[in-house]
Amino acid sequence: MARDDRAGPHPPGVENRLDGRAGAVVQTGVIRGDVHIHAERTAAPVPRQLPMGTRRFTGRTAESAWLDAVVADASPSPALAVVSGTAGVGKTALVVAWAHRVVDAFPDGQLYVDLRGYGPEQPVPAHAALAGFLRALDESGSESDTTLADRAARYRTAVSGRRLLIVLDNAASEEQVRPLLPGASSSVVVVTSRQPLTGLAVQYAARLLSVGRLPAHDAVELLERSLGERVSREREAAASLAHRCTGLPLALRIAAEHAADRPTLPLTALAAELDDERTRLDVLDSGDDPRSAVRTVFSWSYHRLGDAAGGLFRALGLHPGYGIDAYAAAALMGTGTGHRTAVALLVRLARAQMIAESAPGRFDVHDLLRVYARELGEALDDDTARQASLCRLFDYYLHTADRADRVLNRHRYRMPLDGVPSPGPPIDAYGDALAWLDEERRNLVALCRLDRPELDGRRWQLAYVLRGYFFLTKRWDDWIETHSLALAACRRSGDRGAEAITHNNLGRAMLETGRHDEAAEHYACALRLYEEVGDRHGLSDMLANRAVMLRGQGKYAEALRDNHRALDFYRQEAAARKIAITLRAVALNELGLGRFADAVRHVEEALDGFLDLDLHQEAAKGFSTLGLILHRAGEDDRAEEAYLRALDVARRCGSTYEEARALHRLGAVAAARHDTEAARRHWTQALALYQGLGTAKADRVAADLTTLDR
């Protein structure tokens, strides 16, 4: 600034000049004396935009630690994390609770925006989100005439050199997020979305976290933090309530609010209100707030699916709900839906967090979403089409189970099945068949529970197909349940032959579980019905089964008579498998009568048959029978050899029960030789296997073990 103390205008060539930056400037025509301007540069604002966190936040220890690790990676370049999960799982609650805990790590502040990717409003454009961030950072500039690229560049300049926590909540897509990412900065960006946004991982090496539902103990703790002593007093009811809410935090909080509003209502009553799937989503509605209603929150994801994926999602409401693969999905969708298309649709649903990929190629839908899918299907789809979808699904499982059983139990007598088979996974090897049945067991049992007249024929046939698998794995509860349901289906449809078959199979399951009186009743019904319909094959099967019951009662001679009647028919029919099985039964009855030589001869003949037919489980049982006969006859060396053969075959064919049986009997041989160490080793292994199967045989082995300590 030039100095001039004279009054009047400045002489030519003299000018006032102000350099620097000031919040306000005063201009005057004449300045007398010195002018001193003191203006400090205003400090950049520190935004504190995090919303209020969820009160009584519970669990998520591992997820919070994962986010902590993201912060550690944020210097010198920015770190990016995507937290995804299904609707109502608590993604925002997790991130906001964590963010409030770590605010001190971000001295330059926290930016937050709800991008409204899922909700009743339109998603927030990145252009608008950037405007909000720039205002928060006190970065003025024209907002109406700048392009998205210009605004994003100005935003990156503003955050450069700062350490900010930037939370981009409820994102719809990668495209919505990309312009909001910083450039050179030690900031941390955390994105939440119902989709995994894998494109951000590909382009920016973002770390991805999928948030699942709360485990049972955390779900109960969430209820306890809201309801206090009521949960302590009704712990079992609280666990049931948490289970009905499928561990979904939104549902749990709504249920807790309902309970808080009705302080005299027992939690058992509230859990009972959630038992009915037809009204469960009505109960899980807090009132007028759409963000606090499970059904509404689900709908925001559903409406983004598109027609094909939406159709499959609705069809999943027909599925039993214990995991689904692309073959079953294709069967639900019907003609024209191939395996590849079904895979693509399942992946689409998984990306939308409407289902979860629990294992490669296998997908789960939790109970609340399955109820929602069923509601949508009933409201939007034609009843005839839904019934056709259900029948196709049942046919897929029925015929695929039959394919698996044909591998596990070759040479078994077969009957024609209802329905039309659809493409399924390759099941050529024994291990493939056993693995598929193990994987689908709960679905198969649940299908038998479908109390619909149009499915009655399929229901008893599915139970019939599964009996070989249940016998192999000793799943007696499943056997009894499926056949009891099948029996009701046979009676409703009036199929007397099917009723006879089911009574016969139920009798065997009752016998194996020690319910001898009920077994006798079922065998009597089967005998009457087989004679009524003239089914000689079925009658012979019943006689063979009844012989097992009679042997258990010590009636060896009567049992032998039934064995020989059945054996005569099987020889006429050249039924090689059943001939061998019946010969083994004959040997056991001869053992009971003390006819050791005859028993050895017949069981060895049976073993020849089993080995010729590659019936490994039956062979394992046959070697155990031979060992028992030889042990009773005092030939322990030969008995041990037979048991070792049984053990080897059982392990190779995956029969845990026969493995345990062989170990138990090997222990008996060792004990007879006073080899306590070997006996204890064999019996301890057998006990563990029997306990794993949940069979009462474990008690017998435990009793034998106690004899070694006397």
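- The backbone N or O of L270 sits nowhere less than 3.5 Å from a side-chain atom of H258 that would complete a donor-acceptor pair.
- Panel note: side chain D395, backbone V420; a donor-acceptor pair is recorded below 3.5 Å.
- Look at K91 and E63 and you find no salt bridge, because none of the NZ, NE, NH1 or NH2 atoms lies under 4.0 Å from a carboxylate O.
- Taking the charged nitrogens against the carboxylate oxygens, E257 and R253 have no contact shorter than 4.0 Å, which rules out a salt bridge.
- Side-chain atoms of L111 and V113, non-hydrogen and from C-beta on, never get closer than 4.5 Å to each other.
- Judged as a side-chain contact (heavy atoms from CB on, under 4.5 Å), and not counting sequence neighbours, the contacts of N170 are D114, Y118.
- Applying side-chain contact (heavy atoms from CB on, under 4.5 Å) to L312 and the options I355, D307, L349 leaves one that passes, L349.
- Looking at R280, its side chain never comes within 3.5 Å of a backbone N or O of L368 through a donor-acceptor pair.
- Side-chain contact, T86 with R213: no donor N or O sits under 3.5 Å from an acceptor N or O.
- Considering L447, D451, L487, D418 as possible partners of R459, the one that fulfils the side-chain contact (heavy atoms from CB on, under 4.5 Å) test is D451.
- Taking each heavy atom of Q176 and P123 in turn, the nearest pair found is NE2-CB, 3.8 Å.
- Considering only residues two or more places apart in sequence or on other chains, R304 meets the salt bridge (charged side-chain N to carboxylate O under 4.0 Å, His left out) condition with none of them.
- Judged by distance alone, the side chains of S389 and R392 do bring a donor and an acceptor atom under 3.5 Å apart.
- The distance from the CZ atom of F470 to the NE2 atom of H483 is 8.0 Å, given to the nearest 0.5 Å.
- With respect to the salt-bridge test (charged N to carboxylate O, under 4.0 angstrom), the residues R467 and D405 do not qualify.
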**OP:** Show your working on salt bridge (Lys or Arg N to Asp or Glu O under 4.0 Å) between R225 and E221 and close with a plain yes or no.
**Re:** CA-CA 6 Å; R225 290 195 176 190; E221 183 182 345; 3.0 Å; yes
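- By the 30° and 60° cut-offs, the orientation of the rings of H522 relative to H503 is tilted.
- Scanning for side-chain contact (heavy atoms from CB on, under 4.5 Å) contacts around T337 gives A330, M333, T341, A342, with sequence neighbours left out.
- Under a cut-off of 6.0 angstrom, the local environment of CG in D276 is crowded, with over 12 non-hydrogen atoms contributed by other residues, nucleotides or ligands.
- A salt bridge links E273 to R262: one of the charged nitrogens lies within less than 4.0 Å of a carboxylate oxygen.
- A side-chain N or O of Q203 and one of R178 form a donor-acceptor pair less than 3.5 Å apart.
- F471 and W479 have perpendicular rings, their planes meeting at more than 60° on a 0 to 90° scale where under 30° would count as parallel.
- Partners of R314 according to the salt bridge (charged side-chain N to carboxylate O under 4.0 Å, His left out) rule, which considers only residues two or more places apart in sequence or in another chain, are D381.
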Listed pairs under 3.5 Å, donor-acceptor, residues 235-250 side chains, sequence neighbours left out:
from	atom 1	to	atom 2	distance (Å)
R235	NH2	E224	OE2	3.3
R244	NE	D275	OD1	2.3
R244	NH2	D275	OD1	2.6

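- Between W436 and Y396, the angle of the ring planes goes over 60°, which puts this pair in the perpendicular group of the 30/60° scheme.
- Salt-bridge annotation for D68 and R101: present, with a side-chain N of the basic residue lying under 4.0 Å from a carboxylate O of the acidic one.
- With sequence neighbours left out, the side-chain contact (heavy atoms from CB on, under 4.5 Å) criterion links L693 to T656, Y657, T695.
- Between D282 and R295 a salt bridge is recorded (basic side-chain N to carboxylate O distance below 4.0 Å).
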